[in-house]
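Sharing a structure below in structure tokens format, with a few things to ask.
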Amino acid sequence: MRTNDVMLQTATKVVTFIILMFAVHIFFAGHYTPGGGFVGGLLTASAIVLLMLAFDIPTIKKILPINYVVLTAVGLLIAIATASASIFFDVPFFTHAYDYFDLPLFGETSLHSALLFDIGVYLVVVGVTMTIIQTIGEDE
Amino acid sequence: MSNLALFPVVIPLIFAAILMLFPKKLHMQRIVAIAGVVATLASALVLFSKVNSDGVQAVTLGSWPAPFGISMVSDMFSVLLVLSSTIVTLFVLFYSIPTIGVKREQSFYYPAVLFLMTGVNGAFTTGDIFNLFVFIEVLLMASYALIVHGGEKPQLRESIKYLLVNIISSALFVSAVAYLYSVTGTLNMADLAVKIPQIEAVGILTVIAVLFLVVFGFKAAIFPLYFWLPGSYFAPPMAILALFGALLTKVGVYAIMRTYTLFFTMNTGFTHELLAIIAILTILAGCVGALAYFDVKKIIIYNIIIAVGVILFGISQMNAAGVEGSIFYLIHDMLIKAALFLLVGILTVIFGTSDLRKMGGLIKSYPFFGWTFLVAAFGLAGIPPLSGFPGKLLIVQGGFEGTHFWGSLVILATSLLVLLSVVRIFIYAFWGEPVKIVTIDRKHYLSMFVPTAILVALTVFLGAGAELFMPFISDAGEVLLNPSLYIDAVLKE
């Protein structure tokens with residue numbers, strides 16, 4: 001029997017974007033308030049999982065042709081590279097740098113090197129979560 | 001260069017991440033993996049010479065002041081272990097290329113080995129007890145991947161047990177860390193060493209110390225917590241087994257050695273007495289196993305347990321001879337266990353079985369291999385001038401100087417049993433009537449034998465050149481016996 005999933009699919013198309021936007025919000029909120037790359041990554045992964053539930057894995061693979069293992073590796077490299085930059089300035093590992101900049105539209109903004117590290121964390125979390133879920137999900 | 005202590009931890013991590021980008025390219029995988037380990041070895045050597053000339057190297061991550069940030073500390077003891085573990089990994093990698101199989105090589109085998117190395121080197125280097133937990137988790141994750149790698153039936157069966165035991169012990173670890181934090185208010189090891197002597201509630205600290213002994217005992221496979229080890233280590237292929245046997249239990253042993261010399265010294269009458277008794281029981285239990293089996297893998301696996309007991313007995317004495325002996329024996333054991341597993345691996349390839357009773361007469365066709373095996377076997381048992389001897393001698397001396405002369409007697413007596421257990425392999429496999437063997441071509445044989453033989457040669461060098469290494473070992477022992485050296489390096493910056 002074919003189940004009717006029109007409602008799920010229609011809702012998903014809207015909800016996915018809300019989740020993704022919220023993930024971005026949480027990601028940037030992370031420096032001074034709760035949030036960050038880890039939670040942002042989990043939210044993003046949950047949005048993709050929702051898509052996979054509503055449609056099916058082959059369809060999602062077609063619209064998001066991402067190799068999640070490579071994504072994990074790239075995230076890891078970004079994170080290590082950010083942390084290792086401290087080696088070239090001869091300060092202890094993981095020491096972060098920040099400054100205030102006047103950006104158009106945003107006004108005075110503080111930019112942190114920790115953000116780059118968080119992007120790495122974000123990619124690793126998305127990559128690992130999706131690899132795990134895909135591996136289990138594809139297993140018939 | 002303040003970050004030098006971190007290089008042996010970060011370099012394998014970078015190379016592991018790079019290796020994940022192209023899992024199917026066989027040649028690139030091999031080359032990059034070996035380049036990663038060689039780079040790590042180079043950084044470890046630089047670090048070693050730095051520690052040797054300038055004393056303990058400490059760096060606190062993120063430029064936080066010392067007790068608040070995570071400290072990474074490289075003293076002589078930790079850098080010696082980092083060096084030995086990197087050397088072992090390098091030779092095991094050379095050995096895996098011909099033996100592990102293309103399918104495994106293309107499914108993230110090399111990244112897993114390098115992640116394992118990150119965890120092991122990190123655990124040896126960290127100066128923060130919670131960070132130690134994190135690095136142990138890193139190496140456990142990699143070991144989970146390696147133990148099921150290939151997905152053969154016994155591997156799957158044993159990996160469930162392995163996972164379960166380690167998850168339980170990790171849960172215990174976190175609770176033990178929480179207890180420790182609630183009593184002392186710090187997790188920085190140097191800070192713990194300052195604060196613990198000021199706390200009057202010795203009773204609760206003793207309980208926590210014993211809890212940590214249980215946690216690390218699971219990893220180190222002490223009596224009676226070793227039950228998971230023989231089965232789990234039996235399942236994966238030989239190269240992985242050699243890595244596990246040489247490195248994983250040693251991390252647990254290192255953790256016990258570090259915590260029991262640096263800060264759990266408030267009630268040595270109880271904790272170190274307990275450690276000595278458990279160490280002796282571990283030796284006896286290991287001997288029973290090593291003599292009971294006719295399977296070459298099992299015999300060597302039980303010898304891991306014996307060695308753990310010997311090392312811990314030395315450290316429980318808390319005198320210069322015992323501690324230096326433990327350090328020497330620990331380094332010796334990492335090298336010799338890896339060498340023996342690789343030798344036994346070649347044996348099982350040649351005979352096509354790991355059952356001793358189906359072997360025989362190999363000395364005629366592989367004489368040089370036979371004598372190499374005998375040297376390694378003598379080295380394990382501690383026959384002078386091979387590498388097992390100086391360590392064991394010092395440990396036994398430590399026992400006689402301390403209060404546990406009976407423990408030293410047990411170690412001396414069981415040395416004979418250890419010798420018997422490995423010489424039995426030699427007698428069964430190399431003497432007697434030749435049996436039918438698998439023909440392997442010369443090139444394949446040499447690609448397995450050469451890294452193994454070099455590793456055995458290294459252990460011979462370690463034993464015969466003990467005089468050369470003793471100054472470093474005494475340096476390492478001095479930091480363990482005088483925690484103030486360690487504390488000053490971390491806190492006075």
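To find a chain, count down the sequence lines: A is the first, B the second, and so on, and within it residues start at 1.
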Can you measure from CE (B:M76) to CG (B:L83) and round to the nearest 0.5 angstrom?
10.0 Å
Could you name the residues of residues 59-75 of chain A that have a heavy atom within less than 4.5 Å of a heavy atom in chain B?
A:V69, A:V70, A:T72, A:A73, A:V74
Step by step, would you call B:L4 with B:V46 a side-chain contact (heavy atoms from CB on, under 4.5 Å)?
CA-CA 8 Å; B:L4 200 58; B:V46 174; 4.0 Å; yes
I need the minimum non-hydrogen distance between B:A193 and B:I487, along with the two atoms involved.
CB-CD1, 3.6 Å
Checking A:S84 against A:F93 for the side-chain contact (heavy atoms from CB on, under 4.5 Å) test, could you report, in this order, the C-alpha distance in whole Å, the side-chain angles of both residues, the deciding distance, and whether it holds?
CA-CA 6 Å; A:S84 308; A:F93 208 70; 3.9 Å; yes
Within residues 36-44 of chain A, which residues come under 4.5 Å of chain B, heavy atom to heavy atom?
none
Got a second to check how far A:I87's CD1 is from A:F94's CZ, nearest 0.5 Å?
10.5 Å
Taking the side chain as every heavy atom from C-beta outward, state whether B:M189 and B:Y486 have any atom pair closer than 4.5 Å.
yes
So, B:N3 side chain and A:V91 main chain: donor-acceptor pair closer than 3.5 Å or not?
yes
B:L61 side, atom CG; B:I70 side, atom CD1 - distance, nearest 0.5 Å
5.5 Å
Chain A contacts: which residues in residues 104-129 of chain B have a non-hydrogen atom closer than 4.5 Å to it?
B:F108, B:F115
Could you state the interatomic distance from CG (A:L76) to CD1 (A:I80), rounded to the nearest 0.5 Å?
4.5 Å
Please find the pair of heavy atoms, one from A:A54 and one from A:L8, that lie closest to each other, and give the distance.
CA-CD2, 3.8 Å
Do any N or O atoms from the side chain of B:Q155 and from the backbone of B:A235 form a donor-acceptor pair under 3.5 angstrom?
no
Any side-chain heavy-atom pair of A:V49 and A:M130 under 4.5 Å:
yes
Might you work through the side-chain contact (heavy atoms from CB on, under 4.5 Å) test for B:S78 and B:V73, ending with a clear yes or no?
CA-CA 8 Å; B:S78 94; B:V73 190; over 6 Å; no
Under the criterion side-chain contact (heavy atoms from CB on, under 4.5 Å), I'd like the reasoning laid out for B:I147 against B:I240: C-alpha separation, chi angles, the key distance, then a yes or no.
CA-CA 8 Å; B:I147 203 166; B:I240 296 174; 5.8 Å; no
Nearest non-hydrogen partners of B:S71 and B:N188, listed with the distance:
OG-ND2, 3.0 Å
Any donor-acceptor pair under 3.5 Å from A:D118 side chain to A:A114 backbone:
no
Contact list (residues 9-43 of chain B to chain A, heavy-atom gap under 4.5 Å, by number) returns B:V10, B:L13, B:I14, B:A17, B:I18, B:M20, B:L21
